[in-house]
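These notes concern the structure reproduced below.
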Amino acid sequence: MSIVENLKENIRKEIIKALEANKAEGKLQYGEVPNFVIEVPREKNHGDFAVNIAMLMSKEAKMNPRQIAQLIADKFNQAGTCVEKVEIAGPGFINFYLNSQWLYDVLPLVEKEDSNYGSSDAGKDIKVQVEFVSANPTGLLHMGNARGAALGDALANLLAKAGYSVTKEFYINDTGNQIENFGKSLEARYFQELGHEFPFPEEGYHGKDIIDTVNRIIANEGKAYLDLEQDERRKKLIDIALDEKITAIRTALGNFGVEYDVWFRETTLHDSGAINEVIEQLKEKDLIYEHEGALWFRSSRFGSDDKDEVVVRSNGTPTYFAADIAYHKNKFDRGFDWVINIWGADHHGHVARMKGAVQAVGYNPDNLTVVLMQLVRLFRGGDIVRMSKRTGQYITLMELVEEVGKDAARYFFVLRNPDSHLDFDLDLAKQESSENPVYYVQYAHARICSILSASGEELPIAHKSDLSLLKEKAELDLIRKIADLPDEIAQAAKALEPHRLARYAHDLASNFHTFYNNCRVLTDDHELKKARLGLANATRITLRNVLTLLGVSAPERM
RNA sequence: GUGCCUGUAGCUCAGUUGGAUAGAGCAUCGGACUUCUAAUCCGAGUGUCGGGGGUUCGAAUCCCUCCAGGCACGCCA
């Protein structure tokens with residue numbers, strides 16, 4: 001349990017004791033204690049913690065909330081709680097003011113836990129899988145994939161920090177219609193690049209990357225495929241190009257700081273018979289029926305989905321949805337307690353039937369969470385950059401990283417709630433100025449490192465310093481912020497919202513900059529210097545840990 | 001037409017299971033470097049929280065309705 005959680009828990013216990021004491025004396029009537037909140041008030045002068053229980057009990061106790069609050073405050077035993085003042089305020093809040101003693105325990109703890117600081121065991125023994133990006137391997141990664149990568153990776157890091165056992169997975173759609181299309185496109189380019197007339201398929205992939213791939217094949221193997229049977233030729237071209245694309249995707253993600261535990265190929269589900277198996281299984285449960293030559297899954301039986309879905313086309317080939325059912329069954333068969341998919345919002349219509357399918361194959365659909373993220377609009381010079389994958393007009397992840405850098409890109413993507421449409425300003429992201437929020441945070445870290453190396457003191461230092469010398473408001477505010485990290489992480493993990501951490505990082509940096517401008521660290525007062533170095537070092541550790549979760553580097557100099 | 005997401009300061013966005021006087025950054029204006037990194041700090045102004053109704057001690061948050069924008073409604077993925 002974190003220091004802050006511990007403080008809250010002690011206060012909670014004493015509040016309940018105070019309630020019981022009042023009840024025993026007949027001053028207060030109630031049945032169950034309502035589920036009340038101990039929260040950090042928005043206003044600093046409302047104390048360290050505020051409790052809303054009096055308002056919640058008002059109706060049942062048939063009393064004015066302020067009166068109830070007063071009864072609780074009267075019986076509240078401060079011993080062992082760090083509380084030094086209790087006040088009744090507003091409509092009936094009980095505000096608790098703490099002495100700063102507890103704050104001084106935070107710094108040595110942070111230095112001791114070091115890179116582990118902020119972690120918790122909230123997700124202990126829970127196996128969770130995060131599947132993200134899973135882009136079609138027929139092209140390169142675009143801005144939408146980049147957002148998914150930044151979000152998914154931060155989420156996975158966050159869950160791991162909160163104690164979950166996390167597996168990151170990329171699902172490769174290496175079969176199906178789009179792959180056939182890919183083959184036709186490759187074939188057409190192959191002929192064209194060798195100087196032959198060849199019609200380009202109507203729904204083909206126009207990207208230049210396809211031409212580049214074909215030219216590499218020609219460079220290596222020349223005209224070897226010209227005389228093959230068409231099927232054979234396409235298959236060979238696909239095999240080579242697919243490997244190349246997957247490698248390119250993996251490299252681009254690697255440059256973006258994203259590494260996966262598992263790369264899962266859709267073809268394994270076809271080859272192993274898993275898809276046929278799951279279809280048979282569903283037939284036995286009468287969840288599949290035939291209509292106009294195709295096989296349909298009764299998704300309308302489940303949840304809010306109102307339409308059935310084709311799983312096997314009338315030509316006998318399974319749809320992507322059939323593979324997806326088998327894939328999700330496979331995930332749960334592997335023992336994951338919680339399966340998280342990150343999808344673009346354009347796939348939202350698929351969520352209900354996917355959950356229905358999970359239920360149909362015998363698992364609890366509540367254990368599948370689909371995080372939808374809205375689409376990305378790219379701006380350059382104040383204008384929207386239009387993107388289209390089909391026509392090959394788009395900025396790739398690789399180009400993005402080259403242009404604005406990994407840190408800025410990841411910070412920008414993870415700064416916003418996945419629910420909101422993201423306007424990505426390329427000019428802003430690559431600006432090396434105060435307008436760019438990522439530098440604000442990194443600069444705080446670099447500043448600290450500079451002080452620490454100039455100090456001539458050995459770290460860690462907080463445990464051998466008199467921390468009670470830290471009395472300035474800026475110092476106490478900063479420690480308070482550092483102490484919040486474990487709770488921030490636990491909450492962000494629970495809500496699957498890594499963007500909260502970006503906010504936290506910014507706030508923490510802000511607290512540090514204020515401290516820096518108010519309090520000189522390398523001062524002649526040796527004891528004070530040591531205490532402030534302890535604070536600076538704990539700030540460094542906290543900042544670095546958060547940035548690491550977000551996939552942003554923490555530079556030692558800038 | 002139906003479903004999902006969004007609508008908060010000039011701009012980009014936060015807003016914690018409903019909490020107190022709705023907050024940041026940028027932009028604008030005024031201050032602070034012979035001192036540990038001025039990519040910083042300090043100060044100043046800005047709001048019918050899209051409109052309207054409802055629920056309650058209390059609503060940006062929950063419910064209804066309307067308006068605006070995005071997305072999805074395929075034997076595509």
Side-chain angles (χ1 to χ4, degrees), chain A residues 35 37 39-43 46 50 52 54-56 58-59 64-65 89-93 95 134-136 138 173 176-178 181 203 291-296 304-307 309-315 317-321 323-324 344-352 372-375 377 415-423 425 428 431-444 446-455 474 487-488 491-492 494-495 497 499-500 502-503 506-507 509-510 512-523 529 532-533 536 557-558:
Chain A
N35 194 17
V37 180
E39 63 178 1
V40 178
R42 204 158 35 206
E43 288 287 322
H46 288 149
N52 66 343
M55 280 99 78
L56 298 176
S58 173
K59 191 169 267 182
N64 176 321
F93 286 101
N95 292 339
S134 300
N136 277 336
T138 52
N173 297 105
N177 273 352
Q178 86 278 2
N181 227 334
E203 296 296 316
H291 176 66
E292 295 180 350
L295 293 182
W296 298 68
S304 56
D305 202 18
D306 56 352
K307 266 188 211 160
E309 184 78 8
V310 171
V311 284
V312 179
R313 301 182 186 92
S314 48
N315 69 9
T317 58
T319 62
Y320 82 103
F321 183 55
D324 249 8
D346 52 340
H347 289 73
H348 77 259
H350 187 45
V351 175
L372 294 174
M373 45 164 202
Q374 298 297 321
L375 306 179
R377 285 195 307 178
L415 193 55
R416 286 185 183 76
N417 190 321
D419 268 345
S420 65
H421 300 259
L422 174 62
D423 288 343
D425 186 336
L428 178 58
Q431 237 177 84
E432 297 192 8
S433 77
S434 58
E435 288 170 47
N436 191 335
V438 68
Y439 293 112
Y440 183 85
V441 180
Q442 291 185 315
Y443 183 58
R447 254 186 165 175
I448 296 169
C449 290
S450 167
I451 296 171
L452 294 176
S453 67
S455 74
D487 283 5
E488 290 284 345
Q491 282 180 28
K494 191 177 167 194
E497 292 180 343
H499 70 277
R500 293 191 192 192
R503 292 265 148 188
H506 183 273
D507 291 348
S510 170
F512 176 76
H513 287 311
T514 299
F515 160 74
Y516 178 91
N517 278 277
N518 279 285
C519 308
R520 193 174 168 81
V521 177
L522 302 181
T523 166
K529 173 180 162 187
R532 285 182 173 166
L533 281 169
R557 61 188 71 231
M558 285 172 73

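This is a predicted model, so every value here is computed, not measured. Each chain gets a letter, A, B and so on, in the order the sequences are listed, and its residues count up from 1.
- At whole-Å resolution of the value, CG in A/Leu56 and C1' in B/G19 are 10 Å apart.
- Among the atoms of the strands shown, base atoms are found under 4.0 Å from some heavy atom of A/Arg520.
- Judged by distance alone, with hydrogens and angles left aside, A/Asn95 brings a side-chain donor or acceptor within reach of the base of B/A20, the pair sitting under 3.5 Å.
- By the ring-ring contact (aromatic ring centres under 6.0 Å, His included) test, A/His499 pairs with no residue at all, sequence neighbours left out.
- Straight-line distance from the NE2 atom of A/His513 to the P atom of B/U37: 13 Å, rounded to whole Å.
- Contact between the side-chain N/O atoms of A/Lys307 and the OP1/OP2 oxygens of B/G74 is found at a separation under 4.0 Å.
- Nucleic acid contact for A/Cys519: base, since at least one base atom lies under 4.0 Å from a heavy atom of the residue.
- Each of A/Asp346 and A/Thr319 was matched to the nucleotide of RNA chain B holding its nearest heavy atom; the match closer to the 5' end belongs to A/Asp346.
- Residues A/Phe93 and A/Asn52 have side chains in contact (heavy-atom distance under 4.5 Å, counting atoms from C-beta outward).
- Residue-level contact check: A/Asp425 touches neither bases nor backbone, having no heavy atom under 4.0 Å from any strand.
- No N or O donor and acceptor, one from the side chain of A/Ser450 and one from the base of B/C36, sit under 3.5 Å apart.
- Within 4.0 Å of A/Ala446, counting heavy atoms only, lies at least one base atom of the nucleic acid.
- Summarising the geometry, atom CG belonging to A/Leu415 is positioned 9.0 Å from atom CG belonging to A/Leu422; distances are rounded to the nearest 0.5 Å.
- Residue contacts for A/Ala89: at a heavy-atom cut-off of 4.0 Å it reaches a base atom on one of the strands shown.
- Remark: C1' of B/C11 and CZ of A/Arg416 are 11 Å apart, rounded to the nearest angstrom.
- The side-chain contact (heavy atoms from CB on, under 4.5 Å) check on A/Thr514 picks up A/Ala474, A/Asn518, with sequence neighbours excluded.
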Original post:
Given the rule that a pair is Watson-Crick or G-U wobble with both distances under 3.5 Å, how would you write RNA chain B in dot-bracket, using | for pairs to a different strand?
Top reply: (((((((..((((.....[...)))).(((((.......))))).....(((((..]....))))))))))))....

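- Nucleic acid contact for A/Pro91: base, since at least one base atom lies under 4.0 Å from a heavy atom of the residue.
- A close approach under 4.0 Å does not occur between any side-chain nitrogen or oxygen of A/Thr138 and OP1 or OP2 of B/A77.
- In this structure, the nucleotide among B/U37, B/A39, B/A14 sitting nearest to the side chain of A/Ile451 is B/U37.
- The distance from the CD atom of A/Gln178 to the OH atom of A/Tyr320 is 11.5 Å, given to the nearest 0.5 Å.
- For A/His347 against B/A77, a side-chain N or O and a base N or O form a donor-acceptor pair under 3.5 Å.
- Base contact: A/Ala50 has a heavy atom under 4.0 Å from a base atom.
- Remark: side-chain polar atoms of A/Arg557 are not paired, donor with acceptor, to backbone N or O of A/Ser450 under 3.5 angstrom.
- Across B/C64 and B/G15, the matching P atoms stand 22 Å from one another, rounded to whole Å.
- The separation of B/U6 from B/G10, taken at their P atoms, amounts to 22 Å, rounded to a whole angstrom.
- Note on A/Asn177: a side-chain N or O is less than 4.0 Å away from OP1 or OP2 of B/C76.
- Residue A/Tyr516 is classed as a base contact, given a heavy-atom separation below 4.0 Å to a base.
- Counting any heavy atom pair closer than 4.0 Å across all strands shown, A/Tyr440 reaches sugar-phosphate atoms only and no base atom.
- For the atom pair A/Glu497 CD and A/Asp419 CG, the distance stands at 8.0 Å (nearest 0.5 Å).
- Residue side chain A/Phe93 meets the stacking definition with respect to B/A20: its ring centre sits within less than 5.5 angstrom of the base's six-membered ring centre, and the planes differ by less than 30 degrees.
- Between atom CZ of residue A/Arg500 and atom CD of residue A/Glu488 there is a gap of 7.5 Å, rounded to the nearest 0.5 Å.
- Interface remark: the A/His348 side chain does form a donor-acceptor pair with the B/G3 base, using a distance-only criterion of under 3.5 Å.
- Nucleotides B/G70 and B/G25, compared at atom C1', are 25 Å apart to the nearest Å.
- For A/Arg447 and A/Tyr516, the positive end sits near the middle of the six-membered ring, less than 6.0 Å away and at most 45° from its axis.
- Rounded to an integer number of Å, the gap from A/His421 NE2 to B/G70 C1' is 4 Å.
- In this structure, A/Asn417 CG and A/Arg503 CZ are separated by 10.5 Å, a value rounded to the nearest 0.5 Å.
- Between the side chain of A/Tyr320 and the base of B/A77 there is at least one donor-acceptor pair of N/O atoms closer than 3.5 Å.
- Among the atoms of the strands shown, only primed sugar atoms or phosphate atoms (P, OP1, OP2) are found under 4.0 Å from some heavy atom of A/Thr514.
- B/A9 and B/A27 are spaced 12 Å apart, taking the C1' atom of each and rounding to whole Å.
- The side chain of A/Tyr439 has B/A39 as its nearest neighbour among B/C75, B/A39, B/C57.
- Atom pair A/Phe515:CZ and B/U37:P shows a separation of 13 Å (rounding to whole Å applied).
- The residue A/Asn52 sits close to a base: some heavy atom pair falls under 4.0 Å.
- For the P atoms, the distance from B/G69 to B/C29 is 35 Å, rounded to whole Å.
- Atoms NE2 (A/His506) and P (B/U12) sit 18 Å apart, rounded to a whole Å.
- For B/C57, the base is anti relative to its sugar; the glycosidic angle deviates from 0 by more than 90°.
- Rounded to the nearest Å, the gap between the P atom of B/A22 and that of B/U46 is 12 Å.
- We find that the ring of A/His46 and the base of B/A20 stack, their centres lying under 5.5 angstrom apart and their planes tilted less than 30°.
- Contacts of A/Val351 with the nucleic acid, taken as non-hydrogen atoms under 4.0 Å apart, are absent.
- Comparing the P positions of B/A38 and B/C5 gives an interatomic distance of 47 Å, to the nearest angstrom.
- Distance A/Arg42 CZ to B/G58 P: 18 Å, rounded to the nearest Å.
- Of the candidates B/C36, B/C75, B/C41, the closest approach to any side-chain atom of A/Asn517 belongs to B/C41.
- Using modelled atom types, one side-chain atom of A/Arg313 and one backbone atom of A/Pro318 make a donor-acceptor pair closer than 3.5 Å.
- When the P atom of B/A39 is taken as reference, atom CD of A/Gln442 falls 14 Å away, rounded to whole Å.
- Backbone-only contact: A/Gln178 has heavy atoms under 4.0 Å from sugar-phosphate atoms and none from a base.
- Taken from CG in A/Asp324 to CG in A/Asn173, the straight-line distance is 7.5 Å, to the nearest 0.5 Å.
- For A/Arg377, no side-chain nitrogen or oxygen approaches OP1 or OP2 of B/G69 to under 4.0 Å.
- Of the candidates B/U40, B/A14, B/A77, B/U40 carries the atom nearest the A/Tyr443 side chain, counting heavy atoms from C-beta on.
- B/U16 and B/U61 have their P atoms separated by 11 Å, given to the nearest Å.
- Between A/Glu488 and A/Arg503, the residue anchored closer to the 5' end of RNA chain B is A/Arg503, taking for each the nucleotide with the nearest heavy atom.
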